[in-house]
Amino acid sequence: MAQALNYLKETASQTAGPYVHIGLAPGAAGFDIYRQELGRTIAGPDVPGQRIRVEGVVLDGTGAPVRDVLLEVWQADAAGIHPHPEDPRHAEVAPGFRGWGRVITDFDSGLWAFDTIKPGAVMGRNRRLMAPHISFWIVARGINIGLNTRMYFEDEDNSSDPVLNLVEQAHRRETLLARKVKPGLYRFDIRLQGDGETVFLDI
Amino acid sequence: MKPAEFHQRDRLSQPPALTPDYKTSVARSPRLALLSLQGSMSEITGPTFGHSDIDPVDNDLIRNYARTGDPVGERIIVHGRVLDENGRGVPQTLVEVWQANAGGRYRHKKDSYLAPVDPNFGGCGRMLTDDQGYYHFRTIKPGAYPWRNWVNNWRPAHIHVSVFGTAFAQRLITQMYFEGDPLIAKCPIVNTIPDPRAIDQLIAPLDMNAAIPLDCLAYKFDIILRGRRSTLFENRLEGN
């Protein structure tokens, strides 16, 4: 018999459920408990870069909005730097830039929105530059394990992005592009299933 | 050391997206395959948290919403470590928990279960792990409650747990169950997990060594996040 590897196994995911707001955004659940809720400010007021708002809905396989969804986003600053010690340039990250946000919906319409700055391009694997993008993580009742995807911008040059180019069916890359509604406002609808199903990532 | 990517997530021990016995998953599950992505800077980094983000009382669910006294219910401590698959503690990572009260009712404007809200119980807490990845919080044991799935489904008592780790690729939400609960085996949400060993890993044992005499019982719950490679040869992740 060979030696035992003795790795531990990642804990299994379970759905965040309909009451995820109690734990992650109690104000939305209807009560006030913490000094501050986390994930409300992605980029502080002094962070350089183009101010943008991103809005959208998450749609289920019947086309109905997922009104109890919760999203988290993670991005680089305008110079493409992540505020994290493993980014080689993290010491130069813009002061006040958190890079992470927690996004909740309007319970009636399912519409969500967040304010941030447009990220810069980020160096990817093997010196291939990744076009500006925001990483998404999506949880809700009925979603057994959080769904990962990325949002790119339709008004950027995405032609050589190494991740978009991995999508075999070229027309499906469109599902990862945010539409420019007007200057500073982008729309990014996420389709969990069916026509125009968003490309989700196993990261 | 150069940053390295994370071990591939073992999808065979994780629940699939489509689990028809948990009905809500049917319309909320992608039908097309996930696109497998090797880790880049966007996945191996993630948000960081510090003690300025939270308050010391945040991990005491018996006191963090108390108005006129302590909440009703069985007083418990839940404690354990956040570890990676290599067995290393994950320090200074944010753990957030939420749960129903002792009667199985959530403090949420969308919960209409007939059991009463407890005026002294909010039902959420949060804490950072220490330098060894250890965490603990105090609460009351949540009650079971019915939910609309099959006509007569009841959730086993559980506490929802959200953990960050150091990277966006490690982000995890799960649920902790209590040793000995007969509802666990009957639960369609528990049974979204195909591997019985992975289910066992969600069941916290009673830990009498951590119980406080004449005060509260304790349960131990370790949380394992994805580990990462320790060797890098040709598989260059960085841009150099």
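Order of the sequence lines fixes the chain letters, A, B, ..., with proteins taken first and strands second; residue numbering starts at 1 for each chain. Side-chain atoms are counted along with the backbone in the values below, which use heavy atoms only and exclude waters and symmetry mates.
Residue A:Ala64: no heavy atom, backbone or side chain, is found under 4.5 Å from chain B. Heavy atoms of B:Ser162 lying under 4.5 Å from chain A belong exclusively to its side chain. A:Arg172 touches chain B through its side chain: at least one heavy atom from C-beta onward sits under 4.5 Å away, while N, CA, C and O do not. Contact of A:Leu147 with chain B is made through the side chain alone, with heavy-atom distances under 4.5 Å. Of the atoms belonging to A:His90, not a single heavy atom falls under 4.5 Å from chain B. Both the backbone and the side chain of A:Val20 come within contact range of chain B, with heavy atoms under 4.5 Å apart. If you measure heavy-atom distances from B:Asp84 to chain A, the contacts under 4.5 Å come from the backbone alone. Heavy-atom distances place both the backbone and the side chain of A:Asp87 under 4.5 Å from chain B. Residue contact with chain A, scored on non-hydrogen atoms closer than 4.5 Å, is absent for B:Val57. Only the side chain of A:Val139 comes within less than 4.5 Å of a heavy atom of chain B; its backbone N, CA, C and O stay farther away. Heavy atoms closer than 4.5 Å to chain A are found nowhere in B:Ile199, neither backbone nor side chain. Residue A:Arg98 touches chain B through its side chain alone, counting heavy-atom pairs closer than 4.5 Å. Both the backbone and the side chain of B:Arg126 come within less than 4.5 Å of a heavy atom in chain A. Contacts between B:Ala169 and chain A at a heavy-atom distance below 4.5 Å involve backbone atoms as well as side-chain atoms. Heavy atoms closer than 4.5 Å to chain B are found in the side chain of A:Arg150, but not in its backbone. Contacts between B:Phe168 and chain A at a heavy-atom distance below 4.5 Å involve backbone atoms as well as side-chain atoms.
The two residues B:Gly122 and B:Tyr65 make their nearest non-hydrogen contact at N-CB, 3.3 Å.
Residues from residues 155-171 of chain A that place a non-hydrogen atom less than 4.5 Å from a non-hydrogen atom of chain B comprise A:Val163, A:Leu166, A:Val167, given in numerical order. Residues of residues 4-16 of chain A placed with any heavy atom under 4.5 Å of a heavy atom in chain B are listed by number as A:Tyr7, A:Leu8, A:Lys9, A:Glu10, A:Thr11, A:Ala12, A:Ser13, A:Gln14, A:Thr15, A:Ala16.
Two rings, from A:Trp137 and B:Phe164, have their centers 6.0 Å or more apart.
A salt bridge (charged side-chain N to carboxylate O under 4.0 Å, His left out) check over residues 134-148 of chain A, counting only residues at least two apart or in different chains, returns the pairs A:Asp68-A:Arg141.
For the pair B:Lys110 and A:Tyr19, the cation does not sit on the ring face, since its NZ or CZ is not both under 6.0 Å from the ring centre and inside 45° of the axis.
The neighbour count for B:Gln8 CD, taken as heavy atoms of other residues, nucleotides or ligands under 6.0 Å away, does not exceed 12. With a 6.0 Å radius and a threshold of 12 heavy atoms from other residues, nucleotides or ligands, B:Arg81 has its CZ atom above the threshold.
By the 30° and 60° cut-offs, the orientation of the rings of B:Tyr113 relative to B:Tyr145 is tilted. Relative ring orientation between B:His160 and B:Tyr106 is described as tilted, the plane-to-plane angle lying within the 30° to 60° band.
Residues B:Thr139 and B:Gln99 have side chains that bring a donor and an acceptor to within less than 3.5 angstrom of each other.
Put simply, of B:Ala33, B:Ala167, B:Gly125, B:Ala100, the one with the most heavy-atom pairs under 4.5 Å next to chain A is B:Gly125.
B:Asp118 is linked by a side chain to side chain contact (heavy atoms under 4.5 Å, CB included) to B:Pro71, B:Val72, B:Asn101, B:Asn120, B:Phe121, counting only residues two or more places apart in sequence or in another chain.
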